[in-house]
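Note: hydrogens, waters and symmetry copies are ignored here, and every other heavy atom, side chains too, is used.
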Amino acid sequence: MTGKTQVPETPIVMTIAGSDSGGGAGIAADLKTFAAFGVHGTCAITSVTAQNTTGVLKAFDLAPEAVGSQIEAVCTDMDIKWAKTGMLASSEIIREVARQVKKYRLSLVLDPVMAAEAGGDLLRKEALSVLIEELLPLCKVTTPNASEAGALAGIPVKTHNDARLAARKIADLGVEAVIVTGGHIDATDLLYESVSGNFTRVQGVFVKGGTHGSGCTYSASMTACLACGDSLGTAARKAKGFVEQAIQRSVHAGRGVDPVNPLGKTLEEKERYLALKDVKEAVLILADSPEFAKFIPEVGSNIGMAIPGARNYEDIAAVEGRIVKYREKAYPVGCVDFGASRHVAGMTLAALHEKPDIRAAMNIKYSEGVLDACREMGLGISSFDRAKEPEDVSAIDWGISEAIKEYGGVPEVIYDKGAVGKEPVVRLLGTSASELAKLAVRLARGVK
């Protein structure tokens with residue numbers, strides 16, 4: 001029996017919010033977040049803001065009919081079950097959105113946006129009562145920060161006890177679940193489910209980075225997770241973790257509050273895959289070269305590749321057990337993985353700290369013939385004296401840094417002549433592991 005493979009349907013979600021010309025919040029943040037979660041994002045723009053990292057300079061609200069028409073266009077064509085709202089500036093826009101939510105029976109995550117992270121009001125004061133009376137009762141979940149929760153509940157929210165009281169008051173307005181986000185308290189979110197009356201604390205930590213768009217990103221994460229079938233508790237934990245990593249990878253884009261980076265982790269995972277692939281290709285190049293085997297030092301050789309902006313050893317892929325000489329051939333002992341070699345990682349980190357595009361390193365056997373071949377190829381060469389290594393620092397990190405300092409930049413070749421109990425080694429630096437492997441093979445063929 002044959003048949004077509006069933007492909008799981010991609011959830012389709014909607015954001016009803018304002019645009020941010022600076023690309024950090026609103027529709028821009030929502031759609032990037034949806035993409036990161038693998039759901040298809042649609043949108044209805046409510047307002048166009050002239051906004052950057054320093055704040056909202058001007059805002060131009062769309063006519064309620066224009067907002068409603070966008071929602072209708074999507075909902076009459078696509079299967080939208082979950083939607084979220086962001087900036088709803090006026091009473092008229094809120095009423096139109098409420099009408100459309102009822103008409104298409106949308107499960108709604110309401111982010112009660114009142115002010116931009118970088119500064120500037122996004123909800124008119126007279127519209128707050130309409131939001132509370134006409135839209136809040138229609139939503140499944142609302143995600144206010146402490147200030148917004150206080151405005152909705154009519155009480156100041158400065159502590160977790162305040163947040164508990166505010167959450168109950170907001171739920172009494174007809175909301176099924178309230179999440180008071182803790183970014184303005186102690187980084188711990190508070191989830192209250194009105195049906196069960198249960199509170200759940202979602203622990204978090206303050207992380208360094210820009211927070212422009214963090215509220216939008218959180219509510220969009222919740223929407224995506226709920227559309228994929230997650231429970232409220234699971235969605236809240238996932239959204240919390242997602243926002244934290246988006247803040248850590250925030251983009252320095254202007255003179256004000258840096259925007260979060262919803263796609264940062266996704267792009268980093270892509271780079272990790274590419275680094276693994278490049279090192280594997282490099283290993284094959286070396287293993288297929290009979291000439292390279294003579295270049296392998298007694299301690300073994302290794303080759304590694306860092307992801308862009310590597311911060312530590314776990315960001316650098318290398319061979320787990322090094323490359324050894326076996327039956328006159330180069331033979332990798334172990335798989336290629338991240339964090340596999342502190343030696344290669346130390347070289348790489350020291351080099352890319354000075355020149356970010358130098359992300360690959362490898363070690364080969366030292367000889368004057370190797371250095372002569374390097375000179376003939378016009379490669380930059382520097383060295384360091386292992387006898388001068390300080391006792392309280394990493395030998396490799398120190399040596400590479402010293403050689404770079406001596407050279408006045410990052411050379412392609414750094415060597416040392418060893419010391420008592422330490423084998424002399426030549427190190428090659430480059431932009432990719434596969435290119436380094438090709439260079440090593442060319443050098444092996446050129447050594448007399």
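Salt bridge status for Arg311 with Glu268: present, with a side-chain N to carboxylate O gap under 4.0 Å. A salt bridge links Arg99 with Glu96; the closest basic N to acidic carboxylate O contact falls under 4.0 Å. Between Lys81 and Asp79 there is a salt bridge, with a side-chain nitrogen of the basic residue lying less than 4.0 Å from a carboxylate oxygen of the acidic one. Checked for salt-bridge contact, Glu402 and Lys405 meet the test: a charged N lies under 4.0 Å from a carboxylate O.
Distance alone, capped at 3.5 Å, places no donor-acceptor pair between the Thr188 side chain and the Gln203 backbone. Gln51 contributes no side-chain N or O that, together with a main-chain N or O of Ser21, makes up a donor-acceptor pair within less than 3.5 Å. In this structure, the side chain of Lys32 engages the main chain of Gly23 through a donor-acceptor pair within 3.5 Å. Remark: the backbone N or O of Asn198 is paired with a side-chain donor or acceptor of Ser196 at under 3.5 angstrom. Checking side-chain atoms of Gln248 against main-chain N and O of Lys208 turns up no donor-acceptor pair under 3.5 Å. Checked by atom type and distance alone, the side chain of Glu148 pairs as donor or acceptor with a backbone atom of Asn145 at under 3.5 Å.
Checked against side-chain contact (heavy atoms from CB on, under 4.5 Å), Leu276 has the following partners two or more places apart in sequence or in another chain: Ala317, Val336, Phe338.
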- Task: Please report the C-alpha distance between Asp162 and Thr159 in whole Å, then the side-chain angles of each, then the deciding distance to 0.1 Å, and finally whether the side chain to side chain donor-acceptor pair (under 3.5 Å) criterion is met.
- Result: CA-CA 5 Å; Asp162 296 340; Thr159 68; 3.3 Å; yes
- Message: side chain to side chain donor-acceptor pair (under 3.5 Å) for Asn261 and Ser250? Distances and angles first, verdict last.
- Response: CA-CA 5 Å; Asn261 187 4; Ser250 58; over 6 Å; no
- Message: Between Arg237 and Asp189, does the salt bridge (Lys or Arg N to Asp or Glu O under 4.0 Å) criterion hold? Intermediate values first, please.
- Response: CA-CA 9 Å; Arg237 285 188 291 273; Asp189 298 342; over 6 Å; no
- Show the numbers, then the answer: is there a side-chain contact (heavy atoms from CB on, under 4.5 Å) between Ser383 and Asp416? CA-CA 6 Å; Ser383 65; Asp416 73 86; 6.0 Å; no
- Item | side-chain contact (heavy atoms from CB on, under 4.5 Å) assessment of Leu136 paired with Thr142 | CA-CA 8 Å; Leu136 264 179; Thr142 185; 4.1 Å; yes
- Task: Could you walk me through whether Leu191 and Arg201 pass the side-chain contact (heavy atoms from CB on, under 4.5 Å) test, one step at a time?
- Result: CA-CA 6 Å; Leu191 165 62; Arg201 287 168 65 89; over 6 Å; no
- Message: Please evaluate residues Leu88 and Val113 with respect to the criterion side-chain contact (heavy atoms from CB on, under 4.5 Å), reporting the C-alpha separation (whole Å), side-chain torsions for both, the decisive distance (0.1 Å), and the verdict.
- Response: CA-CA 7 Å; Leu88 305 174; Val113 175; over 6 Å; no
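In the model, Asp20 has no side-chain atom that pairs as donor or acceptor with a side-chain atom of Thr49 under 3.5 Å. In this structure, a donor-acceptor pair under 3.5 Å is absent between the side chains of Lys84 and Thr15. Using modelled atom types and a 3.5 Å distance limit, the side chains of Ser214 and Thr217 yield no donor-acceptor pair.
A heavy-atom distance below 4.5 Å is not found between the side chains of Val260 and His212. Using a 4.5 Å heavy-atom cutoff, the side chains of Ile12 and Trp82 are not in contact. Contact of the Ile323 side chain with the Leu286 side chain is registered, since non-hydrogen atoms from C-beta on lie closer than 4.5 Å. Two residues are said to be in side-chain contact when any heavy atoms from C-beta on lie closer than 4.5 Å; Tyr192 and Ile170 fail this criterion.
Note that SG of Cys43 and CD1 of Ile16 are 10.0 Å apart. Values are rounded to the nearest 0.5 Å. If you take CG on Leu428 and CG on Leu379, they are separated by 8.0 Å, rounding to the nearest 0.5 Å. The structure places CG of Leu436 at 9.0 Å from CE of Met305, a figure rounded to the nearest 0.5 Å. Atoms CG and OG, from Leu226 and Ser107 in turn, are 8.5 Å apart once rounded to the nearest 0.5 Å. In this structure, the separation between CD1 on Ile285 and CD1 on Ile303 is 8.0 Å, given to the nearest 0.5 Å. Interatomic distance, CE of Met362 versus CG of Leu429, reported as 11.0 Å (0.5 Å rounding).
Counted within 6.0 Å of NZ on Lys103, heavy atoms from surrounding residues, nucleotides or ligands total more than 12; the atom is thus considered enclosed. Heavy-atom neighbours of Glu65 CD from other residues, nucleotides or ligands within 6.0 Å: at or below the threshold of 12. Within 6.0 Å of CZ in Arg168 there are more than 12 heavy atoms belonging to other residues, nucleotides or ligands. Within a 6.0 Å sphere centred on CZ of Arg105, other residues, nucleotides and ligands contribute 12 heavy atoms or fewer. No more than 12 heavy-atom neighbours from other residues, nucleotides or ligands sit within 6.0 angstrom of NE2 on His353. For Glu406, the CD atom sits in a loose shell: 12 or fewer heavy atoms of surrounding residues, nucleotides or ligands are nearer than 6.0 Å.
For the residue pair Ile404 and Pro411, the shortest heavy atom distance occurs at CG1-CD, 4.2 Å. Listed here is the closest heavy atom pair of Gly264 and Arg249: C-CD, 3.5 Å. Between Thr46 and Ile93, the shortest heavy-atom contact is O-CD1, 3.7 Å. The minimum heavy-atom distance linking Ala153 with Lys169 is given by the pair O-CD, 3.7 Å. Closest approach of Val130 to Ser91, counting heavy atoms only: CG2-OG, 3.6 Å. Heavy-atom minimum distance, Ala433 versus Asp278: N-OD2, 2.6 Å.
Applying the ring-ring contact (aromatic ring centres under 6.0 Å, His included) test between Phe242 and each of Phe37, Tyr218, Phe34 identifies Phe37 as the sole match.
Between Trp398 and Phe384, the ring planes are perpendicular. Angles over 60° get that label, and only those under 30° would be called parallel.
Stacking of Arg164 on the aromatic ring of Phe199 is recorded, both the 6.0 Å distance cut-off and the 45° axial limit being met.
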